[in-house]
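Heads up: the structure comes next, in structure tokens.
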Amino acid sequence: MESEKKASSISNVGAWAMNVVSSVGIIMANKQLMSNNGYAFTFASSLTGFHFAVTALVGLVSNATGYSASKHVPLWELIWFSLVANMSITGMNFSLMLNSVGFYQISKLSMIPVVCVMEWILHNKHYSREVKMAVVVVVIGVGVCTVTDVKVNLKGFMCACLAVLSTSLQQISIGSLQKKYSIGSFELLSKTAPIQALFLLILGPFVDYYLSGKLITNYKISSGALLCIILSCSLAVFCNVSQYLCIGRFSAVSFQVLGHMKTVCVLTLGWLLFDSELTFKNIMGMIIAVLGMVIYSWAVEAEKQPTSKALPHHAKNSMTEEEIRLLKDGLEKIPLKDVELGEAEG
């Protein structure tokens with residue numbers, strides 16, 4: 001039992017580490033690729049389409065070689081999810097274009113309370129006072145170190161609202177679909193990635209033209225830009241897989257809260273690698289944010305303690321009663337795959 005718990009903890013840490021490293025890495029690669037000081041590749045939506053195309057290809061190869069099994073998920077649910085996910089990506093791009101960076105950061109911070117409210121509405125999920133306090137501390141900390149000028153207009157505000165709602169719904173849906181169809185994180189991603197790639201590769205160039213006034217077909221690609229695109233797509237595979245993996249194992253709220261560690265890492269690496277300014281305000285905000293994440297981790301563990309203490313005795317009795325019932329009914333030879341046990345970690 002202890003060895004299983006330890007193995008689970010190690011795999012959880014591995015999932016988070018993969019997400020943080022790949023997310024920070026992709027931001028650094030994209031910064032070099034898209035900045036004017038780099039290769040000025042300003043086609044964000046098309047690049048995201050490339051990301052999902054490569055992810056879809058990896059999923060196809062994985063299924064073909066038998067590394068992962070393909071489970072049935074209704075096509076309409078996959079299309080609906082892909083539309084919501086692509087709406088999130090497009091909405092974020094438009095929000096960044098139409099609003100100031102300060103308001104864009106505020107809209108990203110608002111995702112945590114929005115996810116909490118949506119999970120309460122959709123799944124009747126409740127949070128302890130300690131968890132709510134930790135969320136507030138994280139939001140304040142990240143807000144202090146990232147929010148500067150705050151300017152907003154009606155179009156920008158509407159795009160920000162659309163982006164926040166669609167992103168929150170997408171992240172909640174990842175966990176819901178995994179539980180509903182007993183499908184693994186990579187299997188679900190391999191089903192949704194081709195649809196997302198198709199939408200983004202068709203519509204992405206038009207969105208990019210509206211945002212930047214440039215056509216991707218007119219871009220003169222260099223060997224350095226191509227290398228950055230390949231690196232960005234490779235990291236995107238790990239980033240996408242780890243996102244589905246983390247949300248399936250934990251929750252959309254935990255993913256949002258601990259995901260702000262990426263913001264702290266990006267600010268620090270920006271200072272180390274790109275000579276970005278790091279002020280006293282940034283440092284104080286990062287310290288508050290990290291403190292909030294520590295409090296959140298403690299609060300989540302504290303929430304689990306009463307449940308974990310109560311569960312073993314109840315679970316043992318339940319399993320014993322079930323075994324007795326099956327033996328009495330002569331059903332002890334039921335194949336394991338026909339018994340719905342469920343998975344605690346998705």
Side-chain angles (χ1 to χ4, degrees), residues 11 14-31 33-34 41 43-73 75 77-93 166-167 169-178 181 183-205 207-208 216 225-249 252 255 259 262 346:
S11 61
W16 278 118
M18 187 200 296
N19 185 256
V20 172
V21 171
S22 59
S23 297
V24 173
I26 203 172
I27 289 169
M28 295 294 120
N30 288 352
K31 186 169 184 177
L33 178 65
M34 303 179 78
F41 186 88
F43 311 102
S45 298
S46 299
L47 180 62
T48 309
F50 299 156
H51 289 171
F52 280 107
V54 173
T55 304
L57 182 63
V58 171
L60 187 66
V61 171
S62 178
N63 288 335
T65 55
Y67 179 76
S68 58
S70 181
K71 292 188 179 179
H72 175 71
V73 178
L75 182 62
E77 289 219 54
L78 295 175
I79 293 173
W80 173 83
F81 174 84
S82 299
L83 285 171
V84 172
N86 286 347
M87 201 181 297
S88 160
I89 294 163
T90 308
M92 280 296 180
N93 287 339
S166 56
T167 303
L169 184 58
Q170 180 234 0
Q171 292 184 356
I172 292 170
S173 299
I174 290 172
S176 300
L177 287 172
Q178 286 187 47
Y181 295 104
I183 188 170
S185 52
F186 186 73
E187 287 75 22
L188 178 61
L189 178 60
S190 65
K191 287 182 173 296
T192 57
I195 302 171
Q196 286 185 253
L198 185 64
F199 280 127
L200 286 168
L201 290 175
I202 293 171
L203 300 176
V207 174
D208 290 330
I216 191 170
L226 183 61
L227 188 64
C228 272
I229 290 171
I230 293 170
L231 177 61
S232 181
C233 290
S234 302
L235 287 168
V237 174
F238 292 100
C239 188
N240 288 330
V241 170
S242 60
Q243 180 189 6
Y244 280 55
L245 196 62
C246 288
I247 293 175
R249 286 170 173 267
F255 182 76
K262 291 178 279 190

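One distance of note links CD1 of Ile202 with CG of Leu198; it measures 4.0 Å at 0.5 Å rounding. Leu226 CG to Leu231 CG: the interatomic distance, rounded to the nearest 0.5 Å, is 11.5 Å. Atom CD of Glu187 is separated from atom OG1 of Thr192 by 11.5 Å, given to the nearest 0.5 angstrom. Here CD of Glu77 is found 5.5 Å from CG of Leu177. Values are rounded to the nearest 0.5 Å. Leu78 CG to Leu83 CG: the interatomic distance, rounded to the nearest 0.5 Å, is 11.0 Å. From Phe52, atom CZ reaches atom CD1 of Ile89 across 4.5 Å, with rounding to the nearest 0.5 Å.
The minimum heavy-atom distance linking Met87 with Ser166 is given by the pair C-OG, 3.7 Å. Shortest non-hydrogen contact noted between Gly204 and Ser46 is C-OG, 3.6 Å. Taking all atoms of both residues into account, the shortest heavy-atom contact from Cys228 to Ala29 is SG-O, 4.3 Å. Asn30 and Ser232 make their closest contact through OD1-OG, 2.7 Å (heavy atoms, listed as atom of the first residue, atom of the second, distance). For Ile26 against Leu235, the heavy-atom pair with the smallest separation is N-CD1, 3.6 Å. Taking all atoms of both residues into account, the shortest heavy-atom contact from Gly49 to Leu200 is CA-CB, 3.6 Å.
Side-chain contact between Gln196 and Thr55 is absent, with no heavy atoms from C-beta onward closer than 4.5 Å. Between Ser234 and Ile230 the shortest side-chain heavy-atom distance falls below 4.5 Å. Two residues are said to be in side-chain contact when any heavy atoms from C-beta on lie closer than 4.5 Å; Gln243 and Gln171 meet this criterion. At least one side-chain heavy atom of Trp80 sits under 4.5 Å from a side-chain heavy atom of Ser173. Counting heavy atoms from C-beta on, the side chains of Thr90 and Phe199 never come closer than 4.5 Å.
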**Request:** Run the numbers on Leu47 and Leu33 for side chain to side chain contact (heavy atoms under 4.5 Å, CB included), then give the verdict.
**Result:** CA-CA 10 Å; Leu47 180 62; Leu33 178 65; 3.9 Å; yes
**Message:** Is there a side chain to side chain contact (heavy atoms under 4.5 Å, CB included) between Leu245 and Phe186? Walk through the geometry before answering.
**Reply:** CA-CA 7 Å; Leu245 196 62; Phe186 186 73; over 6 Å; no
**Item:** Stepwise side chain to side chain contact (heavy atoms under 4.5 Å, CB included) check, Leu201 with Phe50
**Value:** CA-CA 7 Å; Leu201 290 175; Phe50 299 156; 3.6 Å; yes
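In terms of modelled atom types and a separation under 3.5 Å, the side chain of Thr48 and the main chain of Ala44 share a donor-acceptor contact. Asn240 places no side-chain N or O within 3.5 Å of a backbone atom of Leu189 that could act as its donor or acceptor partner. The main-chain N or O of Ser62 is found under 3.5 Å from a side-chain atom of Thr65 such that the two form a donor-acceptor pair.
More than 12 heavy atoms of other residues, nucleotides or ligands lie within 6.0 Å of OH in Tyr181, so this atom counts as buried by the packing criterion.
The aromatic rings of Tyr244 and Phe81 sit perpendicular, their planes meeting at an angle over 60°, well past the 30° parallel limit.
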